[in-house]
Amino acid sequence: MSAQPTSVAEALRVQDLLRPLADLVGPGPVAPATVAGLDVAYAEGGDRLAAAVTVLDTRTLRVVDQAVATGRPAFDYVPGLFAFRELPALLAALDRLTTRPEVLVCDGHGLAHPRRFGLACHLGVRTDLPAIGVGKTPLVGVWEPPGERRGAWSPLVDGTETVGRVLRTQDGVKPVFVSVGHRMSLANATELVLALASRYRLPETTRTADRLCRATLTGASPAARG
DNA sequence: GCGACAG
DNA sequence: ATCTTGTCGC
């Protein structure tokens, strides 16, 4: 089977094949110097997309490198198989970076997935980089609402497993869903997301990547072909 | 069987 | 994801 499946059955098998390769424990870099944000935007009609990666200096939160890749969605949108849709373009964008980020912050879940292999796990395994997932809405699991203050969190539980954390990144603002992707502990992932979401609900990494891929589709940028 | 369902 | 108006609040 290929890395890019053409059917649901095949996609499920790819996940089963790659899942054992994910390291869901490793502490990961305690104080990474750089962190990458990844995001994808779709053109009206959804037949075209732009994937963006921005690399930020962890301390200053300034963008130090970035890349984009445009293309077609590689798979229909199927909850649980979402990664196959955006992965090719995201990997292409990553290839265009001139630096190698120390951690990947993905727009979607990692372990918090019905088969424990969401986009963040997939990207981590395919790049062998520490990766974490930050979702805006849940895919699996149950949780108690975390405290109202920034930094408060509660475990995200699916069945008998803790698959992530529901983290409040700003006072009184809807929480985000953090889960491990690859080579990173849940505690360190939580700490990193909180540091990156210093001012807004979402981490700066995803905010900068989001702006970049949108601007690319809008045509606001000169060099943005793929 | 029916609804839910990352982006 | 994308399509959309007004509205509340710093």
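Keep in mind it's a predicted model, so treat the numbers as computed, not measured. Residue numbers begin at 1 in each chain, while the letters A, B, ... track the order of the sequences.
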Next on the checklist: Under a 3.5 Å threshold, yes or no: a donor from one side chain and an acceptor from the other, between A:Q170 and A:R201?
Outcome noted: no

Next on the checklist: Whether the A:R85 and A:Y42 side chains hold a donor-acceptor pair (N or O, under 3.5 Å, no angle test) is what I'd like checked.
Outcome noted: yes

Checklist entry - Ring centres of A:F82 and A:H113 under 6.0 Å apart? => result no

Checklist entry - Looking at residues 167-202 of chain A, who's got a heavy atom less than 4.0 Å off DNA chain B? => result none

Item to check | Strand-adjacent residues in residues 124-147 of chain A, judged by heavy atoms under 4.0 Å from DNA chain B | outcome: A:G135, A:K136, A:T137, A:P138, A:L139

Checklist outcome for this item: Secondary structure of DNA chain C per the Watson-Crick/G-U criterion (both distances under 3.5 Å; [ ] crossing, | other strand, . unpaired) is ..........

Next on the checklist: At 4.0 Å (heavy atoms only), tell me whether A:L87 reaches a base, stays on the sugar-phosphate, or touches nothing.
Outcome noted: nothing

Restricting to nitrogen or oxygen on both sides, can you table the protein-nucleotides 2-5 of chain C pairs closer than 3.5 Å?
unit_1	atom_1	unit_2	atom_2	d
C:dT2	OP1	A:Y42	N	3.4

Checklist entry - What integer distance in Å separates A:L119:CG from C:dA1:P? => result 13 Å

Checklist entry - Between which nucleotides of DNA chain B, 5' to 3', does chain A make heavy-atom contacts below 4.0 Å? => result B:dC5 to B:dG7

Next on the checklist: Does the plane of the ring in A:W143 sit parallel, tilted or perpendicular to the ring in A:F177? Use 30° and 60° as the thresholds.
Outcome noted: perpendicular

Next on the checklist: Dot-bracket, 5' to 3', for DNA chain B please: Watson-Crick or G-U pairs under 3.5 Å, [ ] where pairs cross earlier ones, | where the partner sits on another strand, dots elsewhere.
Outcome noted: .......

Checklist entry - Between atom OG1 of A:T99 and atom CG of A:D65, what is the distance when rounded to the nearest 0.5 Å? => result 3.5 Å

Next on the checklist: Would you say that more than 12 heavy atoms from the other residues, nucleotides or ligands in this model lie under 6.0 Å from the CZ of A:R72, or not?
Outcome noted: yes

